[in-house]
Amino acid sequence: MEGWPEDVPADATPKTAVLAGLAARTPVPGRRRIVLRFLAGPVRIEGDDRVTGLTVVRNELRRADDGTVRAVPTTATETIGTSLVLRAVGYRAEPVPGLPFDPGTGTVPHERGRVEPGVYVTGWIKRGPTGFIGTNKTCAQETVTTLLDDLEAGRLTAPAGPPVTTARPGAVGLDGWRAIDAAERAEGRAQDRPRVKLVDRKDLLAAAHRPVSP
């Protein structure tokens, strides 16, 4: 397609098409420029006492039997000279004891969200770190539909033993979440920021039990 970089597939999504169009613009001398590299994955940071480059691997898109398209690394690599590397937020699931796991995709194998009757997955553990909020909604709907189908077909059974009547120790409810939210916002105001995220479990539990001012 005219104006598209060579590394953008012709059947890319509309959002990718917008990025491709921006990437294809002619650079203006003297202006800062953002270069979008499609189908490239970071492999390692080069340099000893300082950063000298970033090596990336060339990926290619492959369609799986279920119709999903994933980026798969090839053997081709390239080193981009740079003195600064900023690590973006990423995600890769780890195996969960008792559940099957595909190390290649970092997902739990499933059928429409069903690992087995009574065990279901949704989100990134189901399909990998792809999509956006709308994708997660559709993904969850599919899993819930599968769960309801299993319930209607009698594939689900009640767990053995007496019913659980007590709350899980240490569980945080809505009031606790609101207390955490207030604590993060308060710390953010002290640092002239929107909020400061609490990441330690002890800090989260301590904040959850603080009284929230009206």
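- Side-chain heavy atoms closer than 4.5 Å link hydrophobic residues (I, L, V, M, F, W, Y) into clusters, and following such links, even through other members, never connects Val72 to Leu39.
- With values rounded to the nearest 0.5 angstrom, Phe101 atom CZ is found 8.0 Å from Glu94 atom CD.
- Atoms CG and NZ, from Leu204 and Lys197 in turn, are 8.0 Å apart once rounded to the nearest 0.5 Å.
- In this structure, Pro109 and Thr107 approach most closely via the heavy-atom pair CD-O, 3.5 Å.
- Comment: Arg155 does not engage Asp149 in a salt bridge, judged by the lack of any side-chain N to carboxylate O separation of less than 4.0 angstrom.
- Smallest separation of non-hydrogen atoms from Leu86 and Leu84: CD2-CD1, 4.1 Å.
- Atom CD of Glu111 is surrounded by 12 or fewer heavy atoms from other residues, nucleotides or ligands within 6.0 Å.
- Neither Ile45 nor Val43 shares a network with the other; the hydrophobic side chains, linked directly or stepwise wherever heavy atoms of I, L, V, M, F, W or Y lie under 4.5 Å apart, form separate groups for each.
- Taking CD1 from Ile80 and OG1 from Thr52, the interatomic distance works out to 12.5 Å, rounded to the nearest 0.5 Å.
- No side-chain heavy atom of Arg33 sits under 4.5 Å from any side-chain heavy atom of Arg31.
- Across all their heavy atoms, Cys139 and Thr122 have their closest contact at SG-OG1, 3.3 Å.
- Contact annotation: the side chain of Leu205 never approaches that of Lys202 to less than 4.5 Å [non-hydrogen atoms, C-beta and beyond].
- Here the CZ-OG1 distance, from Arg44 to Thr77, works out to 6.5 Å after rounding to the nearest 0.5 Å.
- A distance-only check finds a donor-acceptor pair linking the side chain of Thr146 to the backbone of Arg112 [under 3.5 Å].
- A 4.5 Å side-chain heavy-atom check between Arg37 and Val56 finds every atom pair outside the cut-off.
- With rounding to the nearest 0.5 Å, the separation of CH2 in Trp124 from OG1 in Thr135 is 10.5 Å.
- Between Asn59 and Pro73, the closest side-chain pair of non-hydrogen atoms falls below 4.5 Å.
- We find the CG-CD distance between Leu99 and Glu116 to be 8.0 Å, quoted to the nearest 0.5 Å.
- Between the Thr143 side chain and the Val121 main chain, a donor and an acceptor come within less than 3.5 Å of each other.
- Residues Thr74 and Val57 share a closest heavy-atom pair of O-CG2, 3.3 Å.
- Between Arg210 and Ala179, the shortest heavy-atom contact is O-CB, 3.6 Å.
- Each of Val196 and Ile180 belongs to its own hydrophobic cluster when Ile, Leu, Val, Met, Phe, Trp and Tyr are linked at side-chain heavy-atom distances under 4.5 angstrom.
- In this structure, Arg58 does not pair ionically with Glu60, as no charged nitrogen and carboxylate oxygen lie closer than 4.0 Å.
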Tell me, with the steps shown, if Arg178 and Asp175 meet side-chain contact (heavy atoms from CB on, under 4.5 Å).
CA-CA 5 Å; Arg178 286 173 173 164; Asp175 290 341; 4.0 Å; yes

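- With a 4.5 Å cut-off on side-chain heavy atoms, Asp181 and Arg195 count as touching.
- In this structure, Glu46 contributes its side chain and Thr55 its backbone to no donor-acceptor pair below 3.5 Å.
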